[in-house]
Amino acid sequence: MIALMPHGSCFLWNPYLTALHAINDLAIALAYFAITGLLTLFFHRNPGLWMGRQSWIAFGFIGWCGLGHLLAAWNIWHHNYWFEGLIKFATSSFSWAGLISVIVLAPKAQALCNAILEERNYQRILETAVAKTPHPMAIAIFDKEMRYIQDFPKWRALYGLEESIAGKSHYEIFQELPAEWIEQHRLVLEQGLSFYEEEGSWFVRPDGVRECIIYGIAPWMTADKDIGGLVAISSNVTKLKMVEESLNCTVNDLQRSNAELSEFGYVISHDLRSPLRTVRGFLELLYPEHFDVPDLNLSEDEKAELARDIVNEYKRLNQLVQDILSWSKVGKDELTLGRIDVVPIIRQIIDAMKADIQASGASIAVHERTFKSVIAHPSHLQQIFQNLIANAIKFSHPGQSPCIAIYARRLETGFLTISVQDNGIGLDTQKFGAEIFRFRYRLHHEEYEGSGMGLAICQKIVRHLGGRMWVDSAPNQGARFSFTLKV
Amino acid sequence: MFEILLCEDDRLQVKLIEYQIQALKRAGEGTKIHLNHARDGLEAKDYLHQSLQGLTPRPHLILLDLNMPRMGGQQFLEWLRHEADLEIRRIPVIVLTTSESEEDALKAYEHLIAAFIPKPPGTSELGNLLKLVYKLWAEYSIWLPKLS
């Protein structure tokens, strides 16, 4: 049996030819092994790209090729031709498998490429459409860490950003986002939820401007159906929202003035006619012969009392008409509002009411240092203090001198809270706390005569000036009327 | 006596009604009328509570004004028809008011009032009205029985 010869014999051991074959076979083997190693590393880092059987085939093909060349180099000096042949068999098997899978996969790969191209195209069209159309709507696409995947010029224009935002974190750019939004982003990225905010939501831009937007956010998916990040479409509705808010204010004003008008109508029909009816009735009683009604044969005393009642009723009606007029004038007369000092006005009113104050024996303490200037017109404050001080005197305990304290506190930013506190009969605020400010609401009968307009006027003035008015009290515990005015 | 509870805050209106009842009695009509007065819903409530305890006579009829301090007529009706003791819940109520609003009337009728009458403008109309009320409720109708 003739022994197999090393392959080098075919080269007649020509050192150059032998070296040429040996070096290049080794170099090819080395390159193939290197490719195999790098591929392993690549798939290790990108497990998502592993294609299963196809990847094994590629690995086998390259690996066996490398091994084949290594054996070829070996067999220059040795004669393991069976082994080399077996390796060639393995290589050819993998090559054919590779050929078949390329034939099978080519259309799929083509489709995938088309899909990617189409997707890019679509994305570009979408961005262009959103960016070029002249509406206040912008789109931005984020990765899983809420970084902008590229620059979105229209988005920047919409939110006053000057530098490119590509690759920057959304939260670094907008540092004062509502916590609720950040939570929504988390739910989009972690659980694949989407959100649509249609009511309008306020936030603060990096340049400090408050804006209101409506937006939709949703996850975008990678080819492997994983969440790749977040897509946001938002529309700036600040202007709309402001118009809506001012409309709402107008509607509220209108509703209030409508309610006032209907109360006004009620008063005209009820309160003004009632005294007139009394006057007519009493005149008929006094002069039955002129009105064809039964004569009651009243005594002179009774007649005198009826006459006095008529005059008093006239006075009451006159006062009521005056009060209704001043109530209806609140906010209608164009008084220029300005920053005014409160204390001189209180002093002025106390001086004007000197007679009543002395008659009641009231003591009034004005805590001057607590006051600041407020935005109002002097006549507003005069009316309020005149009414509140008169009430504090009127609703005092019988036989007890009223003690009145007037002071101010800073309870709310931008407002001064002014209080007029007395030690009088007080009231049940649970039942009447809000009622007593109503138009023509009276809590008492003749013993505390009044038109039921004073507090309604005060409240209307305070509301007109943008403040509010309330009372703290309990029966027999005195009352503290407080109102806020802008400082 | 036919007990009427007049619930009215305006002192002079009460006086006017008192004079008319006086005139009726003088003419020999309405002689059985006994008028009681409450100045608002709360006073009327107190009065009715007292009548349950036998301290005051239970009214056979209530003449009710609507617009009064503290507790107005509608609020009083709300209490009377829904919360009050059965013995006083049955008392017929005639609303006698300056209001001519249909809304007020419907709201009051919901509380089973017997009539909603805008106050007549003159004394003779008021006198006639009281006479009619007296005839219908005191002469022709069956009175509420005495409280045992």
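Below, chains carry the letters A, B, ... as their sequence lines are ordered, and counting in each starts from 1.
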> Return the option, out of B:Lys15, B:Met71, B:Gln20, with the maximum number of heavy-atom pairs under 4.5 Å with chain A.
B:Lys15
> Between B:Tyr19 and A:Glu302, is the side chain to side chain contact (heavy atoms under 4.5 Å, CB included) condition met? List the steps.
CA-CA 11 Å; B:Tyr19 272 125; A:Glu302 283 174 315; 3.8 Å; yes
> Can you establish whether the number of heavy atoms outside A:Lys332 located under 6.0 Å from its atom NZ is more than 12?
yes
> Are the charged groups of A:Arg442 and B:Asp40 less than 4.0 angstrom apart, N to O?
no
> Of the backbone (N, CA, C, O) and the side chain (C-beta and beyond), which part of B:Glu125 lies under 4.5 Å from a heavy atom of chain A, both, or neither?
side chain
> Against chain B, label A:Leu285 side chain, backbone, both or neither, depending on which of its atoms sit under 4.5 Å from a heavy atom there.
side chain
> Could you check whether atom CG of A:Asp292 has more than 12 heavy atoms from other residues, nucleotides or ligands sitting under 6.0 Å from it?
no
> Who wins among B:Asp10, B:Leu12, B:Asp9 for the most heavy-atom pairs under 4.5 Å with chain A?
B:Leu12
> Charged N to carboxylate O under 4.0 angstrom, A:Arg273 versus B:Glu100?
yes
> Would you mind checking which part of A:Arg438 comes under 4.5 Å of any heavy atom in chain B, side chain (CB onward), backbone (N, CA, C, O), both or neither?
neither
> B:Ser124 vs A:Glu284, test: side-chain hydrogen bond (donor to acceptor under 3.5 Å, both in side chains). Steps then yes/no.
CA-CA 9 Å; B:Ser124 48; A:Glu284 286 177 346; 5.3 Å; no
> As a quick check of understanding, evaluate side chain to side chain contact (heavy atoms under 4.5 Å, CB included) for A:Asn297 and B:Arg26, giving each step before the final call.
CA-CA 10 Å; A:Asn297 298 318; B:Arg26 218 175 254 260; 3.4 Å; yes
> Can you confirm whether A:Tyr287 is buried at OH, in the sense that more than 12 heavy atoms of other residues, nucleotides or ligands lie under 6.0 Å from that atom?
no
> Which atoms of A:Phe282 are under 4.5 Å from chain B, going by heavy atoms: the side chain, the backbone, both sets, or neither?
both
> Flag yes if more than 12 heavy atoms outside A:Glu289 fall under 6.0 Å of its CD atom; otherwise flag no.
yes
> Check whether more than 12 heavy atoms from other residues, nucleotides or ligands sit under 6.0 Å from atom NZ of B:Lys25, and answer yes or no.
yes
> If you count heavy atoms of other groups shown closer than 6.0 angstrom to CD of B:Gln53, is the number above 12?
yes
> Side chain from CB out, backbone as N, CA, C, O: work out which of these in A:Leu298 comes under 4.5 Å of a heavy atom of chain B, or both, or neither.
side chain
> What closest approach, in Å, do B:Ala23 and A:Leu296 show between heavy atoms, and which atom pair accounts for it?
CB-CD2, 3.2 Å
> How close do B:Pro69 and A:His444 get, heavy atom to heavy atom, and via which atoms?
CG-O, 3.7 Å
> Quick check for you: among A:Ser274, A:Pro288, A:Pro294, which has the greatest number of heavy-atom pairs under 4.5 Å with chain B?
A:Ser274
> So, do A:Asp309 and B:Arg11 sit near enough that their side-chain heavy atoms are less than 4.5 Å apart?
yes
> Counting only N and O atoms by type, is there a donor-acceptor contact under 3.5 Å from the side chain of A:Tyr441 to the main-chain atoms of B:Arg70?
yes
> How many angstroms lie between atom CZ of A:Arg277 and atom OG1 of B:Thr123, to the nearest 0.5 angstrom?
12.0 Å
> Once you round to the nearest 0.5 Å, how far does OG1 of A:Thr278 lie from CG of B:Leu16?
6.5 Å
